[in-house]
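Numbered from 1 within each chain, the chains take letters A, B, ... in sequence-line order.
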Protein chains: 2
Amino acid sequence: MAAHDIVPAGAPARLARDQVIVGDSIAEMARLPEKSVDLVFADPPYNLQLGGELKRPDESRVDAVDDAWDQFESFAAYDAFTRAWLLAARRVLKPNGTLFVIGSYHNIFRVGAALQDLGFWILNDIVWRKANPMPNFRGRRFTNAHETLIWAARDAGAKYTFNYEALKAGNDDVQMRSDWLFPLCTGQERLKDAAGRKLHPTQKPEALIARVLLSSTRPGDVVLDPFLGSGTTAAVARRLRRSFVGIEREEAYAEAARARIDAVEPLPEDALLAPPSAREAPRVAFSALVERGFVTPGVELTDAKGRFRAVVRADGTIALAHAAADRSVGSIHRMGALAQGAEACNGWTFWHVEEEGRLHPIDVLRARLRSEMGIAAE
Amino acid sequence: MAAHDIVPAGAPARLARDQVIVGDSIAEMARLPEKSVDLVFADPPYNLQLGGELKRPDESRVDAVDDAWDQFESFAAYDAFTRAWLLAARRVLKPNGTLFVIGSYHNIFRVGAALQDLGFWILNDIVWRKANPMPNFRGRRFTNAHETLIWAARDAGAKYTFNYEALKAGNDDVQMRSDWLFPLCTGQERLKDAAGRKLHPTQKPEALIARVLLSSTRPGDVVLDPFLGSGTTAAVARRLRRSFVGIEREEAYAEAARARIDAVEPLPEDALLAPPSAREAPRVAFSALVERGFVTPGVELTDAKGRFRAVVRADGTIALAHAAADRSVGSIHRMGALAQGAEACNGWTFWHVEEEGRLHPIDVLRARLRSEMGIAAE
DNA sequence: AAGATCTTTGAATCCATGT
DNA sequence: AACATGGATTCAAAGATCT
C-alpha cells in the first residue's frame, strides 16, 4: 500500500489516515471528524510585508518570499484568517491534543494572542535558533537569527503528551530547553524543481519537525498539518511511525509531497521505543504494598532524620505517632505533609523503613513490587 | 548633584532628566513633554489584576481559569492596560525613537500585537537565552529558558539609532544576532532587602540592559523606563552616560532604586567612544581628491583584476577606456556600474590606482585626505 | 586525490541625501 | 513629494571549480 491516499476536496468526512488533501485548510479541516487528531503542526503564512527588492553587498538579488499566499490586506484580515484556521484545528483536536505553530515576529504575536483568546493553553514558546541565518545585509538591524514556535494544549488542564524522559535522555540527561539550535534546510534535503530551483520557499528542516513530533506524540498518533507545503511534517511523521493528515492548497506542492512521503522508509519499531518513564509506570498504591506483604501493618515509618514517626495500618493508611486528633491518620503523603507542617509531601520518598539496621525510603519497596510484577519499565 | 531628583506625582510637566518618579506609569507619562525621549525600555507586569484578585497566568490556577470567557475578560483587561501605556509611551517618544519591551509567553504575544495595532514598526524580536534558567520541576514542559524582547520604532520608516559597527566590533567582528545569552541576575548584583530576601521578584541582569542601551542609544540620550522596579535601567543608563527617567508605583522600590543609582559611577567618557563608522564619516567627493592633488588628471584607474580601465578627468569625473559614447563619462560609481553592466557600484572600492607597482582602492586616497583634514573618524 | 578557493544561497518587513 | 544618485553593506554551509 502506498503511504497515502488522495482524497478529493468533496469527499465525505471520515478520518482516513496518511492522506494528502488538496484544498483550503479551513474548509478541509471542517470535513474531518472532530476530536480525531493528537497533534496539529502548523506553519501558516507569515504575512511578511516586504518593500522593494533586497540585494546583497555583492549586488546579487535576494530571492524573497513574495508569493501571493503570503499577502494579506491588513492585520485585521490576517487575524480573521488566523482565528478561522485555529478554530477549525481546535475542533479536530482530541481534548488532550496539542498544537504547534511556527512563525516570525511578523505574525507570531498575532497568532499567540489569538490562541489565548480562543481558549488554547500555551505550554511553551520555543525558539528555533538558526545556525546559518541570512545576515542583515544593510547593517540596520540585528541578524534575524531565529523563529518562534508556540506549543499549546487545546484546553487548560488537559493531560497532554510530553515525552519528558525521552527528551532528557537524548539531551545528555538534562531537561530539554525552550531554545533549539538547528541549521536551515539546505543541501540535499532541500527539494528542487525540474529547473533546479528550490521547490518551496520556506521548507523547514526535518530535524526541527522530528523534535516536535518526538516531544509531543507517540507512535501511532495522528498528526495534522493544515499547511503541508513540501510535506516535511508528513515525511517525518511517516519516518517516526506516526500517522498524518496533510492539507495543501497548491496541487504542485501536494504532488511533490506525495512523492516525498512515498520514498520514506519508517524507522524500525525498536528504534522508537520510549526510554523508561517513571511517569508512565503503573501506579502502585501503598495499600498494595501492605496487601502483598512488602510492609507489615504495625511497622513504624520515620523520616530520613528520625524526627517524625508513624505506624502503618492495615488499610494502607498511616497514623502519626504522638498525635491524637482524627486527622492524624491518612495517606503517606498527607501525613508526611502534616508532620512537617507543609502543604504537600511525596510520602514515597519522605517515609523510611528500617531493614537490617538501615533506613530505606518506602519507594524502594514500591520498586520491588513493580519489579516482581514485571512492570518496572514500560 | 545627586544622580536624580524626586518629582512628586503632582508636579508640572517638564522633562527633568535623571529622575525617579513615584506614581502610575500611564498618568506620569502623560505629564512628560511629548517627543522628548530617545528610548523606552519597558518590563511591564504580566499578571492580570482583576476584581482585587491577583491572578498569575501559570497552570497552578488551572481550576480557576478553565472558563474561556473568564480568560477573555482577563486578556481584555490586560490588553486595555497594554494599549494605554504603549500609547502614552508613543506620545513621549521622539519620532526617531525606539522602544524595547521584555516579556514571556504569558504576555508578550499580546504586547506584540498591540504594538503593531498602534502603528509601531517592529525592528526585531530578540531572545534572551538564560544561561541558568529555573528547571521545570514537574517535568511537564520544556525548561522555560528564555524571555523575549521586542524592539520597535515609533513609526515605519523612522531613522532610528542602531550602533551596528560597535555591536559587531564587540562580537568578534560578526554582526550581532537576535539571540542573546546572559545569566540571570544573581549573586552580588541581586538587590536584597533588610531581611536578606530578594528585593524585587524580576530584577533583570545589568548586562542585558547594557546591550539594549548600547545598541540603540548614544551617550546623552534620554531613556525612559515606565516600570522601573529596582532601577536596573536607570543604573545602567547612568553608568553608560545616558540620561534616564524612571517611573515606579511602589515607594519601596523607588527608594531602593534611588540609592542604587546614586552609587553608580559613570564610566569614563573615552570608554564609551563609538568605533569609526563609515556611515557617519564626513562626505568627501572624488573631485576633492583631484583638486587637492591626491589624484592627477589623466591617471588611469582599473578594477582589482585589471579587466576595466578608466581615465581621471580634471572635473572629478572619469572616462571609461575603449568606450566612445557620451555616457561613458561620469562619476566613479556610475562608470563602475556601467563597466560591469551592474545597476549600482561603489566606485570607492571598485576602482584602483597603481602606486609603486601595487594596486590600491581609491578609498585609500580618500582616507588620506580625511586624515589630512583631521576628520578621519568623527 | 586532496586541499584550496570561488560561487551560491537562505521566511528580510535592510539607506541617505540632495534636487 | 518623487526622483536620481552617492555609496555603504554579509555569515554559514554546501557545492562547484581550480590547484
Side-chain angles (χ1 to χ4, degrees), chain A residues 43-67 69-72 75 102-108 128 130-148 181-190 192 196-198 200-205 227 229, chain B residues 116 120-125 151-153 155-160 162 164-165 168 171-178 277-281 283-287 316 330-337 342-351 361-363 366:
Chain A
D43 184 6
Y46 286 10
N47 190 26
L48 299 186
Q49 297 160 46
L50 305 178
E53 66 176 17
L54 177 65
K55 289 183 172 177
R56 300 185 180 81
D58 65 2
E59 289 288 308
S60 63
R61 197 179 65 84
V62 173
D63 183 14
V65 179
D66 52 4
D67 307 66
W69 49 257
D70 199 50
Q71 314 288 326
F72 289 83
F75 284 132
I102 185 168
S104 68
Y105 68 84
H106 308 86
N107 71 323
I108 199 66
W128 168 28
K130 300 180 182 182
N132 48 346
M134 188 179 345
N136 185 287
F137 296 116
R138 305 301 291 261
R140 299 304 298 158
R141 303 181 177 194
F142 298 99
T143 311
N144 194 359
H146 73 277
E147 294 188 26
T148 301
L181 179 67
F182 290 109
L184 298 173
C185 180
T186 59
Q188 295 298 324
E189 187 184 327
R190 188 92 195 208
K192 304 293 197 311
R197 291 168 304 215
K198 60 186 175 190
H200 192 281
T202 69
Q203 185 180 339
K204 296 292 177 292
F227 308 101
Chain B
Q116 292 178 311
F120 286 92
W121 192 248
I122 297 180
L123 299 168
N124 278 114
D125 62 335
W151 182 37
D155 303 281
K159 292 178 204 163
Y160 52 88
F162 181 53
Y164 174 78
E165 293 82 5
K168 181 175 174 179
N171 191 41
D172 287 342
D173 286 322
V174 293
Q175 52 182 221
M176 186 69 75
R177 298 170 39 121
S178 57
S277 160
R279 266 188 198 89
E280 295 181 355
R283 291 206 158 198
V284 172
F286 184 66
S287 60
S331 74
I332 52 174
H333 311 296
R334 285 281 123 233
M335 292 306 99
E343 282 195 13
C345 169
N346 183 341
W348 290 110
T349 53
F350 179 77
W351 293 113
I362 57 177
D363 206 19
R366 180 171 63 162

Novice: OP1, OP2 of D:dT10 versus side-chain N and O of B:Lys168: anything below 4.0 Å?
Specialist: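 Yes, because at least one side-chain N or O of B:Lys168 sits under 4.0 Å from OP1 or OP2 of D:dT10.
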Novice: Heavy atoms from C-beta onward define the side chain here; which of D:dG7, C:dG10, C:dT13 lies closest to that of A:Gln49?
Specialist: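 The nucleotide sitting nearest to the side chain is C:dT13.
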Novice: Please give, in whole Å, the distance from C:dA11 P to A:Phe227 CZ?
Specialist: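 Computing the A:Phe227:CZ to C:dA11:P distance gives 18 Å.
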Novice: I'd like a table of atom pairs between the protein and nucleotides 12-15 of chain D - only N or O on both sides, under 3.5 Å - with the distance next to each one.
Specialist:
residue	atom	partner	partner atom	Å
D:dG15	OP1	A:Gln188	NE2	3.0

Novice: Within the 4.5 Å heavy-atom criterion, are A:Asn107 and A:Phe75 side-chain neighbours or not?
Specialist: no
Novice: I'd like to know if A:Arg141 reaches the base of C:dT13 with its side chain such that a donor and an acceptor end up less than 3.5 angstrom apart.
Specialist: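 Side chain to base: pair present.
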Novice: According to a strict under-4.0 Å criterion, is B:Tyr160 in side-chain N/O contact with OP1 or OP2 of C:dA16?
Specialist: no
Novice: Restricting to non-hydrogen atoms, name the atom on A:Val62 and the atom on A:Phe137 that form the minimum distance, rounded to 0.1 Å.
Specialist: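 Smallest heavy-atom distance, with atoms named: CG2-CE1, 3.7 Å.
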Novice: Please walk me through it: do A:Asp63 and A:Lys198 pass salt bridge (Lys or Arg N to Asp or Glu O under 4.0 Å)?
Specialist: CA-CA 10 Å; A:Asp63 183 14; A:Lys198 60 186 175 190; 3.6 Å; yes
Novice: Provide the distance between the two C1' atoms, one in D:dT19 and one in C:dA1, to the nearest whole Å.
Specialist: 12 Å
Novice: Among the candidates C:dT13, C:dA11, D:dT10, find the nucleotide nearest to the side-chain atoms of B:Tyr164.
Specialist: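 The closest nucleotide is D:dT10.
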Novice: Is A:Gln203 touching bases, backbone alone, or none of the nucleic acid, heavy atoms closer than 4.0 Å?
Specialist: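 No contact.
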Novice: Atom NZ of A:Lys204 and atom P of C:dG10: how far apart are they, to the nearest Å?
Specialist: 13 Å
Novice: Given 3.5 Å as the limit, does a donor-acceptor pair link the side chain of A:Asn132 with the main chain of A:Leu184, or not?
Specialist: yes
Novice: Say you pick atom P in C:dT13 and the same atom in D:dA8; how far apart are they, in whole Å?
Specialist: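 The same atom, P, in both gives a distance of 24 Å.
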Novice: State which of C:dC14, C:dA11, D:dG7 makes the closest approach to the side chain of B:Asn346.
Specialist: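 Out of C:dC14, C:dA11, D:dG7, the nucleotide with an atom closest to B:Asn346's side chain is D:dG7.
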Novice: For the residue pair A:Arg140 and B:Tyr160, establish whether any side-chain heavy-atom pair is separated by less than 4.5 Å.
Specialist: yes
Novice: According to a strict under-4.0 Å criterion, is B:Arg366 in side-chain N/O contact with OP1 or OP2 of D:dA8?
Specialist: yes
Novice: Judged by atom type as modelled, is there a donor-acceptor pair below 3.5 Å linking the side chain of A:Thr143 to the main-chain atoms of A:Pro135?
Specialist: no
Novice: Could you go over nucleotides 2-9 of chain C and give all protein N or O partners under 3.5 Å, atom names and distances?
Specialist:
none

Novice: Does B:Ile332 reach a base, just sugar-phosphate, or nothing at all? Heavy atoms under 4.0 Å.
Specialist: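 B:Ile332: no heavy atom of the nucleic acid under 4.0 Å.
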Novice: From the options C:dC14, C:dA12, D:dG7, select the nucleotide whose nearest atom is closest to the side chain of A:Leu50.
Specialist: C:dA12
Novice: Separation of A:Glu59 atom CD from D:dG7 atom P, in whole Å?
Specialist: 15 Å
Novice: Send over the distance from B:Trp348 CH2 to D:dA8 C1', rounded to a whole Å.
Specialist: 13 Å
Novice: Starting at CG of B:Asp173 and ending at P of D:dT9, how long is that distance when rounded to a whole Å?
Specialist: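 One finds 13 Å between P of D:dT9 and CG of B:Asp173, rounded.
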Novice: Can you check whether B:Tyr164 reaches B:Ser277 side chain to side chain, under 4.5 Å on heavy atoms?
Specialist: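 Counting from C-beta outward, B:Tyr164 and B:Ser277 never come under 4.5 Å.
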Novice: So A:Asp70, base contact, sugar-phosphate only, or nothing? Heavy-atom distance under 4.0 Å.
Specialist: base
Novice: Identify, between A:Ala64 and B:Arg279, the residue whose nearest nucleotide on DNA chain C lies closer to the 5' end.
Specialist: A:Ala64
Novice: Rounded to the Å, how far apart are B:Phe350 CZ and D:dT9 P?
Specialist: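 Distance, rounded to whole Å: 19 Å.
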Novice: Give the rounded distance in Å between these two atoms: CZ of A:Arg140 and P of D:dT9.
Specialist: 10 Å
Novice: If we ignore hydrogens and angles and just use 3.5 Å, is the side chain of A:Lys55 paired with the main-chain N or O of A:Glu53 as donor and acceptor?
Specialist: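 Such a contact is absent between A:Lys55 side chain and A:Glu53 backbone.
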Novice: Would you call C:dT13 syn or anti, using the 90° rule around 0?
Specialist: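 C:dT13: syn.
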Novice: Look at all strands and tell whether B:Cys345 reaches a base, only sugar-phosphate, or nothing, counting heavy atoms closer than 4.0 Å.
Specialist: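 Result for B:Cys345 = base.
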Novice: Counting only side-chain nitrogens and oxygens, does A:Arg138 get under 4.0 Å of the OP1 or OP2 atom of C:dC15?
Specialist: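 Answer is yes, contact under 4.0 Å.
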Novice: Expressed as a whole number of Å, how far does the C1' atom of C:dC14 sit from that of C:dG10?
Specialist: 15 Å
Novice: Can you name the nearest heavy-atom pair linking B:Gly347 to B:Ile362, along with the distance?
Specialist: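 In this case the closest contact between B:Gly347 and B:Ile362 is O-CD1, 3.5 Å.
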Novice: Given the rule that a pair is Watson-Crick or G-U wobble with both distances under 3.5 Å, how would you write DNA chain D in dot-bracket, using | for pairs to a different strand?
Specialist: .|||||....|||||||||
Novice: Are the aromatic ring centres of B:Trp151 and B:Phe162 under 6.0 angstrom apart?
Specialist: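 Between B:Trp151 and B:Phe162, the centre distance is under 6.0 Å.
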Novice: What nucleic acid atoms does A:Gly52 come within less than 4.0 Å of, heavy atoms only: base, sugar-phosphate, or nothing?
Specialist: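 Base, at least one base atom sits under 4.0 Å.
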Novice: State whether the side chain of A:Asp58 and the backbone N or O of A:Ser60 hold a donor-acceptor pair below 3.5 Å, judged by distance alone.
Specialist: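 Present.
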Novice: Just N and O in the side chain of B:His333: are any of them under 4.0 Å from OP1 or OP2 of D:dG6?
Specialist: no
Novice: Can you name the nearest heavy-atom pair linking A:Lys130 to A:Leu181, along with the distance?
Specialist: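 Reported closest heavy-atom pair: C-CD1, 4.3 Å.
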Novice: Start at the 5' end of DNA chain C and walk down; is the nucleotide closest to A:Asp63 or to B:Gln116 reached first?
Specialist: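 Of the two residues, A:Asp63 wins.
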Novice: For the base of C:dC14 and the side-chain ring of A:Phe137, does the geometry meet a stacking cutoff of under 5.5 Å between centres and under 30° between planes?
Specialist: no
Novice: Nearest to the side chain of A:Asp43 - C:dA11, D:dT9, D:dC11?
Specialist: C:dA11
Novice: With the side chain counted from C-beta on, respond yes when A:Glu147 and A:Lys204 share a heavy-atom pair under 4.5 Å apart, and no when they do not.
Specialist: yes
Novice: Using a heavy-atom cut-off of 4.0 Å across all strands, would you classify A:Pro205 as base, sugar-phosphate, or nothing?
Specialist: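 No contact at all - A:Pro205 keeps every heavy atom at 4.0 Å or more from the nucleic acid.
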Novice: Measure from the side-chain heavy atoms of A:Asn144 and tell me the nearest of D:dA8, C:dA11, C:dT13.
Specialist: C:dT13
Novice: For A:Ser104 and A:His106, which I'm curious about, is there any donor-acceptor pair between the side chains at under 3.5 Å?
Specialist: yes
Novice: Return the value, rounded to whole Å, for the distance between atom CG of A:Leu48 and atom C1' of C:dA12.
Specialist: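 Value for this atom pair: 7 Å.
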Novice: Donor-acceptor pair, distance only, cut-off 3.5 Å: does the side chain of A:Trp128 make one with the backbone of A:Phe182?
Specialist: yes
Novice: Would you classify A:Thr143 as touching base, sugar-phosphate or nothing, given that sugar-phosphate means primed atoms plus P, OP1 and OP2, and contacts are heavy atoms under 4.0 Å?
Specialist: nothing
